[in-house]
Amino acid sequence: MNKKVRVRFAPSPTGGLHIGGMRTVLFNYLFAKHNNGYFILRIEDTDQNRFVPGAEEYIFECLKWCGLEPDESVMHGGEYAPYRQSERKEMYKQYAEQLIKDGKAYYAFDTPQELEEKRKTILNFQYNHASRNEMKNSLTMSDDETKKLLEENVAHVIRIKMPYDETVSFTDMIRGEVHFNTSQSDDKVLLKADGMPTYHLAVVVDDYLMKITHAFRGEEWLPSSPVHILLWQYLFGLENMPHWAHLPLILKPDGKGKLSKRDGDRLGFPVFAMNWTDPKTGELMHGFRERGFLPEAFINFLALLGWNDGTEQEIFSLDELIEKFSIERVHKAGAKFDYEKAKWFNHEWIKRLPVTSFQLQVKQLLQNAGVEINDDEKLKTVIQLIKDRCVLLTDFIQQSSFFFQSPKEIDINAIKPKWNEHKKQFFVELIRTYQLATTWQHEALENSFKEIAAASQIKPGDVLLPLRIMLVGGKFGPHVFNIAEVLGKEETINHIKRTLQLLQ
RNA sequence: GGCCGGUUCGUCUAUCGGCUAGGACAUCUCCCUUUCACGGAGGAAAGACGGGUUCGAUUCCCGUACCGGCUACCA
């Protein structure tokens, strides 16, 4: 029983990866690494109508950004290749035919149009134990008839023959014992007319061939699990079946239902890991990365959405998550996604991560915003100074631009109403003093500021805000004298002079 | 409709029968701060409902209600 743990994440490349999918990746990854096992990424591209160019590359980039690299995949290789189901097409057929031989499946020749007709005329029509005797399939036709149609290459599918009134049970690692009556499920298509397997056949065959030991997927798969269990029983034996765990869904923050791609735009937060542009519609879906999230924070809040380690700890690094994760502690109930809490995680990570770990991203952000950075040491000092007040990486733009270029706009109206000659004289005196300064360091700057204020009988508070506006352009930023220190003597004095002129 | 799953503060959650029901986000008050944050102190805020079982149920069982998922030659 010392089988190496092998788990897989099996997305279909039909679009961007949203947080539900990313959390499934995360839980797979954490479980694999916690157990010293392997994490496999398999591309489930069995629906050729839904193929979206670029989606596959996008998936890999998301995983890379989060640091959740697969051990085996289309990109990483591995001994169970190919890892793309479209390239495994021929493998599935033999298993479908095996099932027919064993009487567990049958050929069905009903056309999509005929089925559609049925569904239109009969409410809740199901292709199942009750109706299959009236349909066009190898169960209702003679062997010769079937053989003839097959030889004539008449379009057909292979369907599983669900047993009548039997109970299928299995133990879900999260939910415990689950039971289903086989009559409830319809006769699912296993092999489509184009020769491609459906999900149902493909998962079972590939999980077997790839020696998957634990299969995690979203709760929406629970109702079709009896089909998969049966397939395991018929094809490979229940004793070889992976342990299942159906993960709770991530729900919309407002109202009802599982979180969908559209909810982001509607509610003003990202639902994708990274920006995703639909190649057909050209529509852009926003991602957490571009919104200014750190991968550490992204992973952290994803992990806590439905899982906790039983203590009150909330901030976990990837390594800690790997160490502490257990699938049994995953919740049964779905969780509403809370963007405010997600931002809090990001803030926490910005505060505790060393500046160097995200300095490059901030630099890029600033440069994209048109702020030229040519002094990395200064940037480091600035980030250190302002990181406590930045929730998202993008907040660094507003909070730090003025350190590198003169503010484009000075909120002069915040000074004007209370401006007078007396205050002006104060600043003239301040300039004179600062010009004579031999050292340039915030305590000294603050001291002389206060001394001048006292000498000119002015309350420091009355001139502190004007000074701030002069240096940063608005009512924000860290302590004024810290700013002045970083800005340097020349810049600080220039800023004061310039604003004094504006106030004339 | 049928089947399956779920149900603790507004939100994420702790509790493996003893609860004055704990924490976090958000919110409110105060302190710190002559900007905004950070930080600190405190407040308000929950066991869907009804039956059992038990000395004792948030915890176990049953029913009801509500929420969600599935019900395609999509995954």
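Convention: sequence-line order gives letters A, B, ...; per-chain numbering from 1. The structure displayed is predicted, hence computed values, not measured ones.
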Expected string for nucleotides 31-42 of chain B under the B/S/- scheme (protein heavy atoms, under 4.0 Å, primed atoms plus P, OP1, OP2 as sugar-phosphate) is --SBBBBSS---
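Taking atom C1' on both B/C12 and B/G50, the two are 29 Å apart, rounded to the nearest angstrom. Look at the P atom in both B/U11 and B/G47: the space between them is 12 Å, to the nearest Å. B/C36 and B/G42: their P atoms are spaced 24 Å apart (whole Å). Separation of the P atoms belonging to B/G63 and B/G56 is 23 Å when rounded to the nearest angstrom. Comparing B/U58 with B/A14, their C1' atoms are spaced 12 Å from each other, to the whole Å. Separating the C1' atom of B/C73 from that of B/C66 is a span of 36 Å, rounded to the nearest Å. B/U15 sits 15 Å from B/C60 when the C1' atoms are compared, rounded to a whole Å. Taking the C1' atom of each, B/U33 and B/C38 are spaced 10 Å apart, rounded to whole Å.
One finds a salt bridge joining A/Arg132 and A/Asp187 here, because a Lys/Arg side-chain nitrogen approaches an Asp/Glu carboxylate oxygen to under 4.0 Å.
OP1 or OP2 of B/A75 sits under 4.0 Å from a side-chain N or O of A/Thr46. The phosphate of B/C73 has OP1 or OP2 within less than 4.0 Å of a side-chain N or O from A/Arg159. Taking 4.0 angstrom as the limit, A/Lys188 places none of its side-chain polar atoms (N or O) nearer than this to OP1 or OP2 of B/C73.
Picking from B/C73, B/A72, B/C4 the nucleotide with the shortest atom distance to the side chain of A/Lys192 gives B/C73.
Partners of A/Glu446 under the side-chain hydrogen bond (donor to acceptor under 3.5 Å, both in side chains) rule, at least two apart in sequence or in another chain, are A/Lys450. Every residue meeting the ring-ring contact (aromatic ring centres under 6.0 Å, His included) condition with A/Tyr434, not counting sequence neighbours, appears here in chain and number order: A/Trp440. In this view, A/Phe403 satisfies the ring-ring contact (aromatic ring centres under 6.0 Å, His included) rule with no residue, not counting sequence neighbours.
Base pairing of B/U11 is made with B/A24, judged by Watson-Crick or G-U wobble geometry with both donor-acceptor distances under 3.5 Å. Nucleotide B/G2 is matched to B/C70 when pairs are restricted to Watson-Crick or G-U wobble geometry with both distances under 3.5 angstrom. Across all strands shown, nothing is found opposite B/C38 as a Watson-Crick or G-U wobble partner with both distances under 3.5 Å.
Around atom NZ of A/Lys332, no more than 12 heavy atoms belonging to other residues, nucleotides or ligands sit under 6.0 Å away. When the shell of 6.0 Å around CZ of A/Phe170 is examined, it contains more than 12 heavy atoms from other residues, nucleotides or ligands.
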ask   = Do A/Phe337 and A/Phe269 pass the ring-ring contact (aromatic ring centres under 6.0 Å, His included) test, and can you show the C-alpha distance, the side-chain angles, and the key distance before you say yes or no?
value = CA-CA 10 Å; A/Phe337 173 66; A/Phe269 59 78; 5.1 Å; yes
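At a non-hydrogen distance threshold of 4.0 Å, nothing from residues 83-94 of chain A comes into contact with RNA chain B.
Of the N and O atoms on the side chains of A/Thr167 and A/His179, not one donor lies less than 3.5 Å from an acceptor on the other residue. Side-chain atoms of A/His246 and A/Arg217 include a donor-acceptor pair closer than 3.5 Å.
Nucleic acid contact for A/Asp411: none, since no nucleic acid atom lies under 4.0 Å from a heavy atom of the residue.
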Pairs under 3.5 angstrom, nitrogen or oxygen only, protein versus nucleotides 6-14 of chain B, please.
{"unit_1": "B/C12", "atom_1": "OP1", "unit_2": "A/Lys336", "atom_2": "N", "d": "3.0"}
{"unit_1": "B/C12", "atom_1": "O2'", "unit_2": "A/Leu304", "atom_2": "O", "d": "3.4"}
{"unit_1": "B/U13", "atom_1": "OP1", "unit_2": "A/Gly306", "atom_2": "N", "d": "3.2"}
{"unit_1": "B/U13", "atom_1": "O3'", "unit_2": "A/Asn308", "atom_2": "ND2", "d": "3.0"}
{"unit_1": "B/U13", "atom_1": "O3'", "unit_2": "A/His331", "atom_2": "NE2", "d": "2.7"}
{"unit_1": "B/A14", "atom_1": "OP1", "unit_2": "A/Asn308", "atom_2": "ND2", "d": "3.2"}
{"unit_1": "B/A14", "atom_1": "OP1", "unit_2": "A/His331", "atom_2": "NE2", "d": "2.9"}
{"unit_1": "B/A14", "atom_1": "OP2", "unit_2": "A/His331", "atom_2": "NE2", "d": "3.1"}

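For the pair A/Tyr199 and A/Ala342, nearest-nucleotide mapping onto RNA chain B gives the more 5' position to A/Ala342.
A straight line from OH of A/Tyr106 to P of B/C73 spans 11 Å, rounded to a whole angstrom.
Nearest heavy atoms, A/His214 versus A/Ile212: O-CG2, 3.4 Å.
Taking OG from A/Ser183 and CG from A/Asp165, the interatomic distance works out to 4.5 Å, rounded to the nearest 0.5 Å.
Applying the 90° criterion around 0 to the glycosidic angle, B/C32 comes out anti.
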